[in-house]
Amino acid sequence: MALKTFETYVDGLDDILRAFRKLPKEASAELRQASQAVADKHMAPAWREAAINYAGPWGTKIAESVKVKKDRVPAVNIGGQRKKFSNGASPTMVRYLTDKGDRGRAGSQKRAPEAFGQGTDWMQNVRQYQGGALQEWAKAVDQIVLKWGYL
């Protein structure tokens, strides 16, 4: 099961997400398209750039694994189970270790391979997209609500 995180606090988000479940199918489809466009424009490039520039020698293959999800909120998947590294590891297997190394949950449960060291904290270099992405997504939600007269 994939870990889901949301990096920004939005007052009333839980109520909005609950209301999204009640949207007509056509409105929900429009919202998914708008969210996918926001993620394509803001999130995916930011995650790819951070991986390439800061995740060390693993960054390029991690960046190649960034895929936009089709959801009602902008989202990306990072990683995948397909073996991309010469030792048989997948991007999902190295994603966290490249960031935290032998610190954090993965390093404490099992000793992380020495190649990852202290990690690069590359995931901390992604935050610049959040403001623009959230504003653009909020506008899309407002347009859909006005169009469908819902929520």
Side-chain angles (χ1 to χ4, degrees), residues 1-23 25 27-141 144:
M1 180 174 193
L3 176 67
K4 295 184 181 196
T5 61
F6 192 81
E7 300 172 355
T8 302
Y9 177 78
V10 178
D11 190 35
L13 181 64
D14 289 338
D15 295 332
I16 292 169
L17 294 175
R18 243 186 316 280
F20 284 168
R21 289 188 213 118
K22 298 176 185 173
L23 285 173
K25 284 186 179 184
S28 186
E30 283 184 36
L31 183 56
R32 288 177 192 275
Q33 286 179 330
S35 295
Q36 193 172 12
V38 169
D40 266 332
K41 180 179 176 182
H42 295 281
M43 296 175 73
W47 281 101
R48 288 180 185 126
E49 182 182 333
I52 289 169
N53 292 326
Y54 303 107
W58 307 277
T60 302
K61 291 185 181 177
I62 292 172
E64 291 170 359
S65 75
V66 174
K67 305 284 187 254
V68 173
K69 291 175 63 173
K70 193 170 187 176
D71 201 348
R72 289 172 290 200
V73 294
V76 294
N77 279 332
I78 304 168
Q81 296 307 315
R82 182 173 252 165
K83 309 286 188 243
K84 297 280 187 177
F85 297 96
S86 61
N87 63 355
S90 69
T92 298
M93 294 167 81
V94 300
R95 177 186 61 212
Y96 184 79
L97 290 170
T98 58
D99 185 49
K100 298 299 178 203
D102 58 9
R103 302 171 292 141
R105 294 177 300 181
S108 64
Q109 291 173 357
K110 269 190 193 176
R111 183 163 164 81
E114 288 182 24
F116 294 105
Q118 289 289 304
T120 62
D121 286 325
W122 69 273
M123 292 183 182
Q124 299 303 313
N125 294 293
V126 181
R127 306 216 188 282
Q128 75 274 7
Y129 77 82
Q130 291 177 343
L134 189 56
Q135 288 176 346
E136 195 170 319
W137 180 71
K139 285 180 187 176
V141 170
I144 291 167

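Residues take their numbers from the sequence shown, with the count starting at 1.
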Between NZ on residue K84 and OG1 on residue T60, distance to nearest 0.5 Å: 12.0 Å

Kindly give the heavy-atom pair with the smallest separation between A39 and V68, and that separation in Å. CB-CG1, 3.6 Å

With sequence neighbours excluded, residues passing side chain to side chain contact (heavy atoms under 4.5 Å, CB included) with T120: W122

With no hydrogens and no angle check, is any side-chain donor or acceptor of W58 less than 3.5 Å from a backbone partner on A51? no

R95 side chain vs I78 backbone, donor-acceptor pair below 3.5 Å: yes

Kindly assign one of parallel, tilted or perpendicular to the pair Y129 and W47, based on the angle between their ring planes and the thresholds 30° and 60°. tilted

Apply side chain to side chain contact (heavy atoms under 4.5 Å, CB included) to the pair R32 and D71, showing each step before the final yes or no. CA-CA 5 Å; R32 288 177 192 275; D71 201 348; 4.0 Å; yes

Report the distance from atom OG of S90 to atom NZ of K83, rounding to the nearest 0.5 Å. 5.5 Å

Go through it in stages, so that I can follow the logic: the residues are L23 and L31, the test is side chain to side chain contact (heavy atoms under 4.5 Å, CB included), and I'd like the CA-CA distance, side-chain angles, deciding distance and then a yes or no. CA-CA 10 Å; L23 285 173; L31 183 56; 4.0 Å; yes

Could you tell me if the side chain of W137 sits less than 4.5 Å from the side chain of S35, heavy atoms only? yes

If I compare all heavy atoms of N125 with all of Q128, which pair ends up nearest, and what's the gap? O-OE1, 3.2 Å

With rounding to the nearest 0.5 Å, note down the distance linking CZ in R21 to CZ in R72. 7.0 Å

Quick check on K139: does its NZ atom have over 12 non-hydrogen neighbours (other residues, nucleotides or ligands) under 6.0 Å away? no

At what distance, to the nearest 0.5 angstrom, does OG of S65 lie from CZ of R48? 9.0 Å

Indicate yes or no for a side-chain donor-acceptor contact from T92 to the backbone of G80 under 3.5 Å, with no hydrogens or angles considered. yes

Closest non-hydrogen atom pair between V126 and A50, with its separation: CG2-CB, 3.4 Å

Can you name the closest pair of heavy atoms from M123 and D99 and give their distance? N-OD1, 3.1 Å

Of the non-hydrogen atoms in V38 and P74, which two are nearest, and what is the gap between them? CG1-CG, 3.8 Å

To the nearest 0.5 Å, how far apart are OH in Y54 and CD in E49? 7.0 Å

Just verifying a value: how many Å separate I144 CD1 and Q33 CD, rounded to the nearest 0.5 Å? 9.0 Å

